[in-house]
**Q** 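What follows is a single structure, and I will ask about it in a moment.
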Protein chains: 2
Amino acid sequence: MPRAGLTTDSVVTAAGELADEHGLDGVTLARLAGRLGVRPPSLYAHVDGLPDLRTRLAVRGAEQLAATLQAAAAGLAGSQALSAVAHAYRAYALAHPGSYTALQRTTSNTDEAAEAARRVVAVVLAVLAGYGLDGEPALHATRAIRSALHGFVLLETQHGFGLPLAPDESFTTLVSMLDSGLRGVGGASA
Amino acid sequence: MPRAGLTTDSVVTAAGELADEHGLDGVTLARLAGRLGVRPPSLYAHVDGLPDLRTRLAVRGAEQLAATLQAAAAGLAGSQALSAVAHAYRAYALAHPGSYTALQRTTSNTDEAAEAARRVVAVVLAVLAGYGLDGEPALHATRAIRSALHGFVLLETQHGFGLPLAPDESFTTLVSMLDSGLRGVGGASA
DNA sequence: TGACGTGCCTATGGGAGTTAGGTAAAGTCC
DNA sequence: GGACTTTACCTAACTCCCATAGGCACGTCA
């Protein structure tokens with residue numbers, strides 16, 4: 001029997017595809033092994049069990065998200081930067097729902113995950129500088145923005161919006177609320 | 001052997017406690033049966049398996065949340081109402097993390113779940129009326145508010161905030177951003 | 001007091017994650 | 001090019017979970 005030629009990277013990649021198709025809970029070692037043409041125990045040579053696999057998915061997702069946001073914000077400032085980052089954030093989550101869920105559900109904070117999270121925060125902080133915010137108030141505002149984007153995307157991907165109302169417009173409303181919210185808070189403290 | 005005297009209600013209540021202690025994924029029929037002094041199959045007399053139990057947890061959580069928000073908003077308007085609702089929302093999620101997770105993850109939309117969701121939306125819409133918002137813009141704003149609260153609470157309960165920064169202040173920042181965001185959007189369209 | 005409904009039980013099956021130990025393919029050194 | 005080492009993958013087996021089927025005994029009501 002020829003070897004499948006797996007690596008940790010190819011296993012995690014396949015798991016990501018599985019997560020985007022069947023949801024994060026649909027990622028089982030049995031199904032993943034089936035897709036890779038291998039028996040479940042063989043995966044343990046590349047990944048240390050299901051929790052480790054989930055952590056790796058989360059780290060990969062965080063890194064991709066951070067890179068996406070950095071690229072989106074490049075060369076922009078103020079409202080334009082905020083809007084670009086927000087839409088890039090949402091686009092990533094919609095395109096990779098499984099990875100996004102994984103990245104949210106991580107409890108084990110590895111160094112790589114922390115590093116990716118730091119990059120995301122850095123991008124938002126750079127945007128906030130355009131609103132005259134820095135220091136501790138900027139950190140609080142970062143949390144607020146992150147919360148809003150995260151919540152919206154989660155509700156949207158998990159079909160939490162009951163009403164038949166265009167999500168695009170709702171998202172635009174959210175972004176402009178954040179924009180004027182930042183001007184209100186920033187204007188008071190800057 | 002004396003009977004345990006279970007009812008559907010007592011089973012769901014115990015499951016809610018379990019969810020708040022061990023997380024929603026920690027709610028297994030085996031563990032639940034152990035807590036109730038009963039064998040796992042006995043639970044099927046009161047609940048139709050694990051998915052049904054999760055749905056019931058979600059419905060109960062949604063009803064409790066709606067009632068909490070209604071009580072918090074009573075007699076208030078404008079910024080005060082917004083702040084009261086927001087803080088009540090966060091307090092409920094922090095006090096009942098398991099139920100809150102369940103209420104978020106529901107995919108099966110029963111009539112009761114829809115009704116509870118409708119009540120939550122109604123409370124927020126009433127608050128928005130104080131900002132001069134109604135109709136479709138109010139619905140979009142409702143989604144925005146819900147997203148922000150939901151995202152914050154999720155990040156907080158799942159320890160998504162890496163930095164050692166007081167969450168209370170971050171939340172206050174979020175609420176005031178929403179407040180000025182609503183004034184910005186509301187003033188433009190009302 | 002006897003029959004009935006039903007709450008809870010044991011027994012059983014199937015599927016998932018995980019570990020232990022074996023086999024054969026791929027790489028390495030003389 | 002042949003022998004040794006490494007390692008990718010396998011089968012077998014264990015545990016824990018959800019779920020179903022069928023049986024026993026408790027409580028009620030005529």
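Residue numbers start from 1 in every chain, and the chains themselves are labelled A, B, ... in the order their sequence lines are given, proteins ahead of strands. For clarity, every value in this text was computed on a predicted model and none was experimentally measured.
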**Q** Reckon A:S42 has a side-chain N or O less than 4.0 Å from the OP1 or OP2 of D:dA8?
**A** no
**Q** With a 3.5 Å cut-off and no angle check, do the side chains of B:Y92 and B:H87 form a donor-acceptor pair?
**A**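 Per modelled atom types, B:Y92 and B:H87 side chains form no pair under 3.5 Å.
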**Q** Any side-chain donor paired with an acceptor under 3.5 Å for A:H140 and B:S170?
**A** yes
**Q** From C:dC8, D:dT11, D:dC9, pick the nucleotide closest to the side chain of A:P41?
**A**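 Of the candidates, D:dT11 comes closest.
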**Q** Is the shortest side-chain N to carboxylate O distance from A:R35 to A:E21 below 4.0 Å?
**A** yes
**Q** Could you check which of D:dA19, D:dC9, C:dC9 has an atom nearest any side-chain atom of A:V38?
**A**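 So the side chain of A:V38 is nearest to D:dC9.
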**Q** Going by heavy atoms closer than 4.0 Å, what residues in residues 21-33 of chain B are next to DNA chain C?
**A**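 Result for residues 21-33 of chain B: none.
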**Q** Can you see if the side chain of A:H46 gets near the phosphate of D:dT7 - specifically, an N or O under 4.0 Å from OP1 or OP2?
**A** no
**Q** Specify the separation, in whole Å, of atom OH of B:Y44 and atom C1' of C:dG13.
**A** 13 Å
**Q** Over how many whole Å does the gap from A:R54 atom CZ to C:dT18 atom C1' extend?
**A** 14 Å
**Q** What's the CZ-P distance between B:R39 and D:dC17, to the nearest Å?
**A**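 The distance from CZ of B:R39 to P of D:dC17 comes to 13 Å, rounded to the nearest Å.
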**Q** Base, sugar-phosphate, or nothing: which does B:P40 touch, judged by heavy atoms less than 4.0 Å apart?
**A**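 Result for B:P40 = nothing.
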**Q** Is it true that A:R56 and A:D9 have a side-chain N and a carboxylate O under 4.0 angstrom from each other?
**A** no
**Q** Can you measure B:D48 atom CG to D:dT20 atom C1' for me and round it to whole angstrom units?
**A** 12 Å
**Q** Taking the side chain as C-beta and beyond, is there a heavy-atom pair between B:Y100 and B:D20 under 4.5 Å?
**A**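 Contact flag for B:Y100/B:D20 side chains = no.
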**Q** Mind calculating the distance between CG (B:L43) and P (C:dG7) to the nearest angstrom?
**A**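 Spelled out: CG on B:L43 to P on C:dG7 is 13 Å.
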**Q** Between the side chains of B:R183 and B:S79, is a donor N or O closer than 3.5 angstrom to an acceptor N or O?
**A**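 A donor-acceptor contact under 3.5 Å links the two side chains.
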**Q** In whole Å, I'd like the distance from the CG atom of A:L50 to the C1' atom of C:dG17.
**A**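 After rounding, the gap between these two atoms is 8 Å.
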**Q** Taking CG from B:L36 and C1' from C:dC8, how many angstroms apart are they, rounded to a whole number?
**A**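 Result: 13 Å.
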**Q** Filter on side chain to side chain donor-acceptor pair (under 3.5 Å), then keep only pairs touching residues 113-126 of chain B, sequence neighbours left out; what's left?
**A**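 Counting only pairs at least two positions apart or across chains, the side chain to side chain donor-acceptor pair (under 3.5 Å) contacts touching residues 113-126 of chain B are B:Q70-B:R119, B:E115-B:R118.
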